[in-house]
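Worksheet: one structure, shown below.
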There are 2 protein chains.
Amino acid sequence: MDRPGRLTGDHSTRSAWVADDLRRQLEDGVWPPGTRLPGEVRLAETYGVSRATIRTALRSLESRGLTATRHGSGTYATGAGSGIHADLRHLDSMTATIRRVGAVPSMSYRRRELVPADAEQARHLGLAEGDRVLVTERELRADDTTVAFSYDVLSGTVLPDDLAPATIEGSLYELLMTVGVDVAWATAEVHAAAGERIGWGDRPADAVYVLLDQVHRTIDGHAVAWSRTYYLEGRFRFSLVRTR
Amino acid sequence: MDRPGRLTGDHSTRSAWVADDLRRQLEDGVWPPGTRLPGEVRLAETYGVSRATIRTALRSLESRGLTATRHGSGTYATGAGSGIHADLRHLDSMTATIRRVGAVPSMSYRRRELVPADAEQARHLGLAEGDRVLVTERELRADDTTVAFSYDVLSGTVLPDDLAPATIEGSLYELLMTVGVDVAWATAEVHAAAGERIGWGDRPADAVYVLLDQVHRTIDGHAVAWSRTYYLEGRFRFSLVRTR
DNA sequence: GAGTGGTCTAGACCACGCG
DNA sequence: GCGTGGTCTAGACCACTCC
């Protein structure tokens, strides 16, 4: 087995290298769904790493739903990997999510405005009513098909004073990145929604939406954005592997 | 710091004991949202355990959304713990989920029948068309309020031949447990749905539902159940913490 | 550069499952 | 009873953040 001296190829760590090799073998059908992988001690010998490193790699596969592990029995291939589209557990920009499912993302803004926060916006972002916020309304497309409408509110405290709202393009996270804000985590609520008030332009009259209501935060818990994204039912698949 | 010799109190492992102690302190406001916890080395000294044990405990807190960790910077309290209702990442029976949010679950069956599988049911469960399956339709209540309608299909391969469908009560997982089947993981899709065809009895005419479409599997990948559960929008909160 | 988390090792013992 | 994964240790070095 070819083992990296310090760092070989594009893998920075041994566990990432092991995980990637196992992932490739799982996808190639070396272990069909339901079959048991070699034990951890055996894998450690095979790859020439410690058992802890193997366990790190296996946890990574399990978190992506490719394997399931049971105490005293073994680690099994699930064969579920390819079916996962938008993983709800992992926080990503919408454009990155669309790109990851193999489509070309695009978007157009209907509204980009600096306004005083109303009571609800202030509550979500931990601001005082009347504080400056950036309000945007966007249509998101994957391969030129509308997949979602997003209503976003960015806290003015993280935005530069000379921001020109009309020049804003692209992803919300990209904008935040350019002003030095790193979104580390978000609390999300999943809802269903329907009605005339949602979205604009060409869309089914009886459209039903999956609503992702999220507050995005920096590592220190500071709320920087509140987003409500309405995904047109049927045009986007939210999948996840749930384990006990 | 009181440290367990082998196993003290109700905690079977040191890391569980550490995680529980930290969780209690987080809930008690010892570290308000956004503040940094002591470093891992410091925590290891405080609790008298190795750093690896501390890291196991911190990962457990992070997976529950109570903390967020960033390389080179530290581990921070999120303050998000109390808001999480039904965690989509964790697979649980619906009755257990309802119980966990502090409500009393109950349910009533509209249909419990052994029938030959149709093409769609057979496809989801990996059976042949015409194979025996148990089809159920249930209404789920929390504190006597209807929260969901569930359409479930159980594979006949795991059911005893002398099963009397009319006697079935309670949770799907409980039934599977009694016949020796342990559900280890499930692939889930999140959708939005609306329409007259969903549910029965007293319910809003214009009701919108969050649909959880799940295939439940044993550790070896064998599909044992296909469930479509329609949660009435607004009566149940699906929350999760997403991290990058 | 000091302090933080991330990775890794080598070895040990424990708890579970399964025949 | 034996093989499996689960936990734990003590120590090392690396990568990142932030002053």
Side-chain angles (χ1 to χ4, degrees), chain A residues 3-8 10-20 22 31 35-63 67-77 177 180-182 184-185 218-220 243-244, chain B residues 3-8 10-20 22 31 35-63 67-77 177 180-182 184-185 218-220 243-244:
Chain A
R3 165 185 163 158
R6 190 44 51 189
L7 33 121
T8 298
D10 4 346
H11 299 106
S12 48
T13 65
R14 291 183 207 266
S15 59
W17 167 69
V18 171
D20 205 54
L22 289 173
W31 297 291
T35 58
R36 213 187 67 195
L37 274 63
E40 295 179 353
V41 173
R42 175 74 190 286
L43 286 172
E45 288 164 2
T46 305
Y47 284 101
V49 299
S50 76
R51 202 181 138 211
T53 302
I54 292 292
R55 283 178 63 76
T56 301
L58 289 177
R59 263 200 310 277
S60 150
L61 295 175
E62 185 170 23
S63 78
T67 58
T69 295
R70 190 154 61 167
H71 192 179
S73 177
T75 299
Y76 297 78
M177 197 77 82
V181 172
D182 192 19
W185 56 283
T218 56
I219 188 78
D220 61 357
T243 50
R244 305 196 83 174
Chain B
R3 163 185 164 156
R6 190 45 53 188
L7 33 121
T8 298
D10 358 346
H11 300 106
S12 47
T13 65
R14 291 183 209 266
S15 58
W17 168 68
V18 170
D20 206 53
L22 289 173
W31 297 291
T35 58
R36 213 188 67 195
L37 273 63
E40 295 179 353
V41 174
R42 176 72 191 286
L43 287 172
E45 287 165 1
T46 305
Y47 284 101
V49 299
S50 76
R51 202 181 137 211
T53 303
I54 292 293
R55 283 178 63 78
T56 300
L58 289 178
R59 264 201 310 278
S60 150
L61 295 176
E62 185 170 22
S63 78
T67 57
T69 295
R70 190 156 61 165
H71 192 180
S73 178
T75 298
Y76 297 78
M177 198 77 82
V181 172
D182 191 19
W185 57 283
T218 56
I219 188 77
D220 61 357
T243 51
R244 302 197 86 175

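Lettering follows sequence order; numbering is per chain, from 1. Note that the structure is predicted; figures quoted are calculated from it, not measured.
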Contact check, side chains of P38(A) and W31(A), non-hydrogen atoms, under 4.5 Å: yes

Expressed as a whole number of angstroms, how long is the span from [X]:[atom1] to [N]:[atom2]?
{"X": "R14(B)", "N": "dT9(D)", "atom1": "CZ", "atom2": "C1'", "answer": "9 Å"}
{"X": "E45(A)", "N": "dA10(C)", "atom1": "CD", "atom2": "P", "answer": "12 Å"}
{"X": "W17(A)", "N": "dT7(C)", "atom1": "CH2", "atom2": "C1'", "answer": "15 Å"}
{"X": "L37(B)", "N": "dG3(C)", "atom1": "CG", "atom2": "P", "answer": "19 Å"}
{"X": "E40(B)", "N": "dC16(D)", "atom1": "CD", "atom2": "P", "answer": "16 Å"}
{"X": "L43(A)", "N": "dG6(D)", "atom1": "CG", "atom2": "P", "answer": "13 Å"}
{"X": "Y47(A)", "N": "dA10(C)", "atom1": "OH", "atom2": "P", "answer": "18 Å"}

Compare the ring of H71(B) with the six-membered ring in the base of dA15(D) and state whether they stack (centres under 5.5 Å, planes under 30°). yes

Base, sugar-phosphate, or nothing: which does S15(B) touch, judged by heavy atoms less than 4.0 Å apart? sugar-phosphate

Does the side chain of [X] get closer than 4.0 angstrom to OP1 or OP2 of [N] through an N or O atom?
{"X": "S50(A)", "N": "dT9(C)", "value": "yes"}
{"X": "T75(A)", "N": "dG5(D)", "value": "yes"}
{"X": "T13(A)", "N": "dG6(C)", "value": "no"}
{"X": "R70(A)", "N": "dT4(D)", "value": "no"}

R55(B) has its side chain closest, among dC8(D), dT7(C), dG5(D), to dT7(C)

Looking only at side-chain atoms of T53(B), point me to the closest of dT7(C), dG5(D), dC8(D). dC8(D)

T56(B) or I219(A): which one's nearest nucleotide on DNA chain D is closer to the 5' end? T56(B)

What are the two closest non-hydrogen atoms of V181(A) and T218(A), and how far apart are they? CG1-CG2, 3.8 Å

Of all the heavy-atom pairs spanning W185(B) and I219(B), show the shortest one and how long it is. NE1-O, 4.0 Å

One should read off an interatomic distance between E62(A) CD and T69(A) OG1, to the nearest 0.5 angstrom, of 4.5 Å

If you assign each of Y76(A) and I54(A) to its closest nucleotide in DNA chain C, which residue comes earlier from the 5' end? I54(A)

When T67(B), V18(B), D20(B) are each screened for side chain to side chain contact (heavy atoms under 4.5 Å, CB included) with L61(B), the one that passes is T67(B)

Can a donor-acceptor pair under 3.5 Å be found between the side-chain atoms of R51(A) and the base atoms of dG6(D)? yes

